[in-house]
*Asks:* 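Right, I'll just put the structure down here and ask away after.
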Amino acid sequence: MASEGVKEYRTIRDIAGPLIFVEKTEPVSYGELVLITLPDGTVRKGQVLDTSKDIVVVQSFEGTRGMDKSCAVRFTGDIVKLDCSPDMLGRIFNGRGEPIDGGPRIVPEERRPIIGSAINPAARAYPREFIQTGISAIDGMNTLVRGQKLPIFSCSGLPHNDIALQVARQAKVRGTGEEFAVVFAAMGITFEEANYFMKDFERTGALERAVVFLNLANDPAIERLITPRMALTAAEYLAFEYDYHILVILTDMTNYCEALREISAAREEVPGRRGYPGYMYTDLATIYERAGRIRGKKGSITQFPILTMPADDITHPIPDLTGYITEGQLVLSRELHMKGIYPPIDVLPSLSRLMKEGIGPGMTREDHKQWNDQMYAAYAEGVELRGLVAIVGEEALSERDRRYLKFADEFERRWLNQGKYEDRDIEYTLDLGWELLAILPEEELTKIERKYIEKYHPKYRKKKAEEEKKEEAESELTKR
Amino acid sequence: MEVKTAGSVGEIYRISGPLVVAEGLKAKMYDVCKVGEEGLMGEVVGIVGEKVLIQVYEDTSGVRPGEKVVNTGMPLSVELGPGLLKSIYDGVQRPLPVLREMSGDFIARGLEAPALDRKKKWDFKPTVKKGDKVKGGQIIGVVQETDIIEHKILVPPNVPERTVVEVYEGSFTVEDTIAVLDDGTELKLYHKWPVRVPRPYVEKLPPEVPLLTGQRILDIFFPIAKGGTAAIPGGFGTGKTVTQHQLAKWADAHVVVYIGCGERGNEMTEILEEFPELIDPRTGKPLMERAVLVANTSNMPVAAREASVYTGITIAEYYRDMGYDVALQADSTSRWAEAMREMSGRLEEMPGEEGYPAYLASRLAEFYERAGRVKTLAGNVGSVSVVGAVSPPGGDFSEPVTQNTLRIVKVFWALDSKLAARRHFPAINWLTSYSLYAETLQEWFRQRFPEWPEIRRWMMEVLQEEANLQEIVMLVGKDALPDKQRVLLEIARYIREFILLQYAYHEVDTYCPPEKMYDMMKAIKELADIFYKALEMGRTVEEIENVEGRDELLKSKYEVDYKPKLQAALEKIRKNLLGE
Ligand SMILES: Nc1ncnc2c1ncn2[C@@H]1O[C@H](COP(=O)(O)OP(=O)(O)OP(=O)(O)O)[C@@H](O)[C@H]1O
Ligand SMILES: [Mg+2]
């Protein structure tokens with residue numbers, strides 16, 4: 001609805017932080033896209049946050065540096081939209097959705113409002129297709145399914161980017177041959193980090209099947225508020241109009257939340273916990289809930305947001321509110337990282353809530369569920385014993401306890417630890433886990449049914465293999 | 001005299017997110033208005049001088065000052081009649097499947113759809129005849145709504161006593177007239193009721209019957225009464241939603257109202273996909289036949305989220321008025337409170353604790369007060385039991401929503417993130433949780449299961465003692481304890497792993513009938529007796545701890561036919577320890 005003869009106003013009353021207060025306007029609509037022309041002729045974009053007959057509040061995505069009351073403000077009559085077309089694939093945009101790769105503008109098939117609309121809960125299909133990422137810690141114990149939103153809770157300096165990239169490279173739904181297309185949204189990350197992603201995308205050829213939105217550390221902070229919405233609008237378009245399976249990587253959501261706090265402070269709103277606005281839960285939900293599957297549609301949106309926990313604190317509002325919305329979380333541990341383990345995913349506080357539907361016979365393997373319960377319990381026990389060793393010393397431990405300690409060590413060194421380019425299939429992940437479980441006395445495997453123990457436990461496998469060999473040899477003999 | 005506000009037209013003055021300020025509009029508090037050219041639905045939440053403040057249930061992007069606002073003069077109401085069951089509504093009772101037909105997979109704005117199907121015909125059997133006197137709340141006939149629920153058609157509660165002059169039997173839509181009263185009032189299969197007004201009843205009755213949930217830790221240790229209130233607070237991922245789903249599935253209520261208030265879309269989908277498949281153990285019919293769902297997920301408009309709990313509880317009260325036991329789950333009341341906070345912030349009200357409005361406590365109290373076991377206007381007994389999930393920031397229960405809720409509700413199921421991290425589910429802390437109904441309800445259990453109250457008390461003591469001993473163990477190690485106490489620790493372990501541990505996803509153990517609970521309780525008591533006797537006979541603690549049969553006993557609950565397995569395991573243990 002771009003209205004004709006858009007009017008220009010030079011009636012700025014106040015400028016405060018990223019906000020501009022404009023008076024004496026004709027009616028301006030809520031959420032409208034605004035163009036602000038500076039004295040030097042540069043044009044910046046903004047959006048209406050509050051509108052009335054007397055005053056209109058505009059947030060400038062690109063900040064207010066250099067602005068004064070003489071700036072010309074144009075209300076476009078249109079809300080913020082993204083030009084959508086399958087040609088978005090292979091392209092790089094800035095955080096406001098403008099191409100920055102030197103290529104042409106996108107000729108839109110459709111211009112979509114970036115705020116999006118809620119998926120009708122009655123239209124959703126429950127996500128249940130197992131995605132093999134080739135990473136044991138994820139596939140084995142925090143299984144990702146198509147249409148899930150599973151964030152990484154990281155700490156500064158940990159290799160969350162490598163994990164995201166590895167997932168982007170390796171993720172597949174087995175037996176379908178369907179590849180993921182990646183929508184990548186960077187918010188406030190450094191040039192090096194962004195470059196790291198871009199280089200990898202280029203090298204693996206993933207870029208052709210990627211849509212990239214870059215808002216870097218030196219780009220305007222407020223712009224970060226629209227970057228993920230741009231990305232998700234692109235994702236929805238490709239997934240639900242063109243049947244793509246989309247993997248959306250959003251990094252770093254912490255920077256997004258900081259921008260949200262900045263705007264809230266500028267508007268002098270009553271702050272919630274630690275200065276973040278009271279509506280941050282709702283705001284984040286309008287991002288994270290844009291993942292999922294829809295009945296009758298082929299495509300899907302899987303979200304892999306990354307956030308760094310300020311001061312490594314999982315109770316900080318950013319991870320806390322995220323955890324309340326997403327379907328689980330992968331928590332990275334500085335301690336594992338220091339031990340040189342990659343990926344340093346601490347499986348104990350990690351969780352995939354949609355795992356239960358995505359694993360088992362026909363999807364992964366029949367023993368997967370019970371195997372997972374046992375692996376979890378055994379590792380938890382081993383870790384707890386480490387605490388005890390620190391107090392009473394290893395001598396005080398029983399033989400059983402020692403085996404648990406050994407299990408925990410091998411779990412980290414052999415099972416968790418893997419190469420950045422190592423793509424393990426689920427059978428390998430499970431079998432390797434069985435090798436570790438074999439460290440424990442067999443009576444300890446209380447969470448696994450006998451029939452699976454006899455089928456997958458290395459002891460019986462070896463026995464079975466030997467028997468088979470023997471049988472073969474015998475039949476060979478009788479034949480002769 | 002009330003001012004007539006219906007049909008009054010005003011103009012938008014200001015828009016700030018879900019808050020719209022209108023001028024020139026005649027309005028009273030809680031009038032529903034149509035806002036802007038698209039006619040977005042909103043509700044009057046404040047009147048300041050000449051300005052009227054409206055919370056809008058839909059996204060307001062693109063709306064501009066000067067557009068018109070029309071007042072319907074009606075408070076926000078729900079339609080109550082046959083067809084509620086098996087439905088899924090948004091927070092203002094728009095049927096989501098119909099919205100999907102209208103606007104596709106994403107919810108568009110300005111859609112209107114009646115909550116009850118206008119075309120569907122229902123077979124109405126009157127239970128009154130010409131010349132009978134009827135009054136508000138009385139039953140005038142029935143409609144078989146689903147295989148298991150007979151829908152009682154009620155005279156709207158506010159109708160004074162009148163004589164029936166016409167009543168028709170046959171097949172009708174909800175809008176057809178089924179009876180006429182002597183003052184000309186035409187009764188239909190449905191009526192409307194304002195959501196913010198509790199439906200009337202004759203009197204509240206004391207809660208003395210348990211709402212059985214099939215969850216051992218709840219029914220045995222912290223039972224909720226029919227008509228009672230409970231809160232289940234916990235940090236993310238501790239099990240609020242799973243517990244609420246379990247209640248919706250297995251609680252022995254006639255009707256279940258599930259409110260997804262500001263939570264995940266997929267969790268509603270899960271119910272929608274699962275409930276038609278799952279069989280109610282009491283009726284043998286799919287669980288969906290007794291369920292009404294209200295879904296205003298976290299990404300749906302925040303003002304409609306505020307309304308969703310009222311929509312849900314009004315529907316629950318309506319089935320109560322038919323004489324049914326209704327169980328209502330609200331997940332999560334914190335999101336509702338946050339919606340209040342957001343609106344309050346925009347209204348620039350004086351913030352109270354952590355930015356919540358000063359009326360947070362009274363709104364919570366009013367909501368839970370709508371629970372209860374009552375004598376209905378029709379003379380029956382019906383109940384609404386309310387269980388609210390609470391999502392405290394950082395899992396810290398000292399925050400305002402948890403604290404204010406705990407001052408009202410009678411049952412507290414405290415989720416514990418440490419238990420969840422150990423994958424002990426349900427992760428309900430048995431030391432800090434409580435039920436103020438527990439004592440009263442023991443009588444009900446005692447009449448059916450004589451030793452229930454006593455074994456329950458004994459198990460509580462063991463668990464309490466375990467906690468005390470564990471503090472000592474942390475300091476001096478287990479070996480320093482006297483044998484008797486070490487055996488107590490072992491018994492406590494069985495109580496935790498056998499009784500308390502109950503996986504929602506286990507196909508058998510997901511639901512535990514009270515008879516099975518009782519068998520399990522008795523088995524544990526018997527086991528304890530065996531252990532102590534063994535100790536007296538000179539068996540070592542190690543022998544007791546490692547006794548063969550342990551594993552069989554713990555796993556017996558996973559069998560449909562658990563009894564022989566449980567007995568066999570007990571016998572094995574007895575034989576191994578006592579040689580009998
Ligand atoms: N009774 C149970 N049996 C088995 N697993 C459970 C049980 N309760 C919780 N869980 C496990 O815990 C996970 C999280 O539970 P749930 O989704 O109910 O948490 P929540 O408290 O509602 O979290 P949020 O506040 O983020 O919504 C589930 O996905 C499941 O794996
Ligand atoms: Mg939940």
Side-chain angles (χ1 to χ4, degrees), chain A residues 1 27-32 49-53 79 113 115-127 147 240 269-273 278-279 281-282 285-286 289-290 292 294-295 297 315-317 320-321 323-325 327-329 348-349 351 353-354 356 373 376-377 380 392 443 446, chain B residues 12-17 21 59-67 88 96-97 99-100 103-109 235-237 260 262 264-266 268-270 272-273 295 297-302 335 338-339 341-342 345 351 354-355 391 393-396 421-423 477 505 551 554-555:
Chain A
M1 242 201 339
V28 167
S29 58
Y30 178 72
E32 197 167 320
L49 280 191
D50 197 320
T51 173
S52 75
K53 289 183 176 173
I79 57 176
I115 57 160
S117 323
I119 300 182
N120 187 328
R124 282 182 186 268
Y126 200 74
F240 302 127
E269 291 169 339
V270 183
R273 267 176 88 226
Y279 49 80
Y281 172 84
T282 303
T286 60
E289 275 289 312
R290 290 171 81 172
I294 289 177
R295 275 190 287 132
K297 290 265 159 90
T315 68
H316 184 280
D320 189 52
L321 294 178
Y324 269 124
I325 303 164
E327 287 144 346
Q329 66 279 338
L348 298 181
L351 172 71
R353 301 183 193 217
L354 302 185
K356 62 180 196 300
D373 291 344
Y376 188 93
V392 299
E443 321 77 83
T446 53
Chain B
I12 297 179
Y13 164 75
R14 175 185 168 201
I15 303 140
S16 171
V21 181
D59 176 50
T60 53
S61 295
V63 180
R64 64 182 72 197
E67 289 185 29
I88 176 164
L96 288 168
L99 296 193
R100 187 180 185 211
S103 76
D105 299 325
F106 294 82
I107 301 175
R109 293 193 307 186
F236 67 80
R264 302 174 184 83
N266 278 333
M268 299 312 297
T269 311
E270 191 176 2
L272 280 177
E273 290 188 7
T297 55
S298 54
N299 54 339
M300 286 159 79
V302 70
R335 307 304 167 213
E338 285 166 8
R341 175 170 69 184
E342 182 169 347
E354 293 195 18
S391 317
D396 176 0
R422 292 213 308 257
R423 303 289 202 260
Y505 305 128
D551 201 39
L554 292 178
K555 282 183 180 158

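In what follows, every chain begins at residue 1, and chains take the letters A, B, ... in the order their sequences are listed. Values below: every heavy atom of this structure, side chains too, minus hydrogens, waters and symmetry copies.
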*Asks:* Roughly how far, to the nearest 0.5 Å, is OH of Tyr324(A) from OG of Ser298(B)?
*Replies:* 14.0 Å

*Asks:* So which of Gly394(B), Pro351(B), Pro65(B) has the largest heavy-atom pair count under 4.5 angstrom toward chain A?
*Replies:* Pro65(B)

*Asks:* Counting only non-hydrogen atoms closer than 4.5 Å, does Tyr376(A) touch chain B with its backbone (N, CA, C, O), its side chain (CB onward), both, or neither?
*Replies:*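 Just the side chain, heavy atoms under 4.5 Å.
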
*Asks:* Starting at OG1 of Thr286(A), measure out to CG of Asp59(B) and round the result to the nearest 0.5 Å.
*Replies:* 10.0 Å

*Asks:* Specify which of Val28(A), Leu348(A), Leu354(A), Leu321(A) makes the most heavy-atom pairs with chain B at under 4.5 Å.
*Replies:* Val28(A)

*Asks:* By a 4.5 Å heavy-atom criterion (distance strictly below it), what part of Val270(A) contacts chain B: side chain, backbone, both, or neither?
*Replies:*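 For Val270(A), side-chain heavy atoms alone lie under 4.5 Å from chain B.
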
*Asks:* Mind checking what makes side chain to side chain donor-acceptor pair (under 3.5 Å) contact with Tyr505(B), not counting sequence neighbours?
*Replies:* none

*Asks:* With a 4.5 angstrom heavy-atom cut-off, could you sort out which part of Leu554(B) is near chain A: side chain, backbone, both or neither?
*Replies:*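 The answer is neither part of Leu554(B).
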
*Asks:* Go through Pro271(A), Pro317(A), Pro127(A) and name the one with the most non-hydrogen pairs under 4.5 angstrom from chain B.
*Replies:*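 Ranked by heavy-atom pairs under 4.5 Å with chain B, first place is Pro127(A).
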
*Asks:* When rounded to the nearest 0.5 angstrom, what is the spacing between CG in Leu96(B) and CG in Asn120(A)?
*Replies:*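 Answer for the CG-CG pair, Leu96(B) versus Asn120(A), is 4.5 Å.
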
*Asks:* Check whether Leu99(B) gets within reach of chain A through its side chain, its backbone, both or neither, counting any heavy atom under 4.5 Å.
*Replies:* both

*Asks:* Please rank Ala421(B), Gly345(B), Gly66(B) by heavy-atom pairs under 4.5 Å with chain A and give me the top one.
*Replies:* Ala421(B)

*Asks:* Return the option, out of Thr315(A), Thr446(A), Ile79(A), Asp320(A), with the maximum number of heavy-atom pairs under 4.5 Å with chain B.
*Replies:*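 Most pairs with chain B among the choices: Asp320(A).
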
*Asks:* Could you tell me which of His316(A), Glu32(A), Glu327(A) has the largest number of non-hydrogen atom pairs under 4.5 Å with chain B?
*Replies:* Glu327(A)

*Asks:* Hey, are the side chains of Tyr279(A) and Arg341(B) touching, using non-hydrogen atoms and a 4.5 Å cut-off?
*Replies:*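 The answer is no; the side chains never approach within 4.5 Å.
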
*Asks:* Where the side chain of Arg423(B) meets the backbone of Asp373(A), is there a donor-acceptor pair that is under 3.5 Å apart?
*Replies:*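 Judged by distance alone, no pair lies under 3.5 Å.
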
*Asks:* Where does Asp105(B) contact chain A at under 4.5 Å (heavy atoms): side chain, backbone, both or neither?
*Replies:*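 When you check distances to chain A, atoms from both the backbone and side chain of Asp105(B) fall under 4.5 Å.
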
*Asks:* Quick check for you: among Gly17(B), Ala295(B), Ala339(B), which has the greatest number of heavy-atom pairs under 4.5 Å with chain A?
*Replies:* Gly17(B)

*Asks:* Is Arg295(A) salt-bridged to Glu273(B), cutoff N-O under 4.0 Å?
*Replies:*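 No salt bridge links Arg295(A) with Glu273(B).
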
*Asks:* Please look at Thr60(B) and chain A and tell me whether the side chain, the backbone, both or neither of the residue comes under 4.5 angstrom of a heavy atom of that chain.
*Replies:*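 Both backbone and side chain.
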
*Asks:* Highest number of heavy-atom pairs under 4.5 Å with chain B: which of Ala380(A), Ala125(A), Ala377(A), Gly272(A)?
*Replies:*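 Among Ala380(A), Ala125(A), Ala377(A), Gly272(A), the one with the most close pairs to chain B is Ala125(A).
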
*Asks:* Can you tell me which residue among Arg335(B), Glu338(B), Glu342(B) is in a side-chain hydrogen bond (donor to acceptor under 3.5 Å, both in side chains) with Tyr281(A)?
*Replies:* Arg335(B)

*Asks:* For the atom pair CG (Asn299(B)) and CD (Glu289(A)), what is the distance rounded to the nearest 0.5 Å?
*Replies:*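 Output value for this atom pair is 4.5 Å.
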
*Asks:* Please determine whether a side-chain nitrogen of the Lys or Arg among Asp50(A) and Arg14(B) lies less than 4.0 Å from a carboxylate oxygen of the Asp or Glu.
*Replies:*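 Counted as a salt bridge, because a side-chain N and a carboxylate O are separated by less than 4.0 Å.
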
*Asks:* Would you mind reporting whether Pro121(A) and Ile107(B) have side-chain heavy atoms less than 4.5 Å apart?
*Replies:* yes

*Asks:* Can you tell which of Thr297(B), Val21(B), Ile15(B) has the highest number of heavy-atom pairs within less than 4.5 Å of chain A?
*Replies:*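 Between Thr297(B), Val21(B), Ile15(B), the count favours Ile15(B).
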
*Asks:* Which residue out of Ser391(B), Pro97(B), Ser103(B), Gly355(B) racks up the most heavy-atom pairs below 4.5 Å with chain A?
*Replies:* Ser391(B)

*Asks:* At a 4.5 Å cut-off on heavy atoms, which part of Asn266(B) comes close to chain A: side chain, backbone, both, or neither?
*Replies:*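 Both backbone and side chain.
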
*Asks:* So which part of Lys53(A) gets closer than 4.5 Å to some heavy atom of chain B, the side chain, the backbone, both or neither?
*Replies:* both

*Asks:* So which heavy atom on Ser29(A) is nearest to which on Arg64(B), and how close?
*Replies:*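 Answer, listing the atom of Ser29(A) first, then Arg64(B): CA-CB, 3.5 Å.
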
*Asks:* Side chain, backbone, both or neither: which part of Ile294(A) has a heavy atom under 4.5 Å from chain B?
*Replies:* side chain

*Asks:* Determine, stepwise, if the pair Met300(B) / Ile119(A) fulfils side-chain contact (heavy atoms from CB on, under 4.5 Å).
*Replies:* CA-CA 9 Å; Met300(B) 286 159 79; Ile119(A) 300 182; over 6 Å; no

*Asks:* Let me know if Glu443(A) has heavy atoms under 4.5 Å from chain B in its side chain, its backbone, both or neither.
*Replies:* neither

*Asks:* Compare every heavy atom of Ile115(A) with every heavy atom of Ser61(B), then report the nearest pair and how far apart it is.
*Replies:*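 Smallest interatomic distance, heavy atoms only, reads OG-CD1, 3.5 Å.
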
*Asks:* Residues two or more places apart in sequence or in another chain: which of them pass salt bridge (charged side-chain N to carboxylate O under 4.0 Å, His left out) with Arg353(A)?
*Replies:*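 None.
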
*Asks:* Where on Arg100(B) is there a heavy atom nearer than 4.5 Å to chain A: the side chain, the backbone, both, or neither?
*Replies:*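 When you check distances to chain A, atoms from both the backbone and side chain of Arg100(B) fall under 4.5 Å.
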
*Asks:* If you count heavy-atom pairs under 4.5 Å between each of Gly31(A), Ala118(A), Ala122(A) and chain B, which one has the most?
*Replies:* Ala118(A)

*Asks:* Flag the one option from Pro393(B), Gly237(B), Gly104(B) with the top tally of heavy-atom pairs under 4.5 Å to chain A.
*Replies:* Pro393(B)

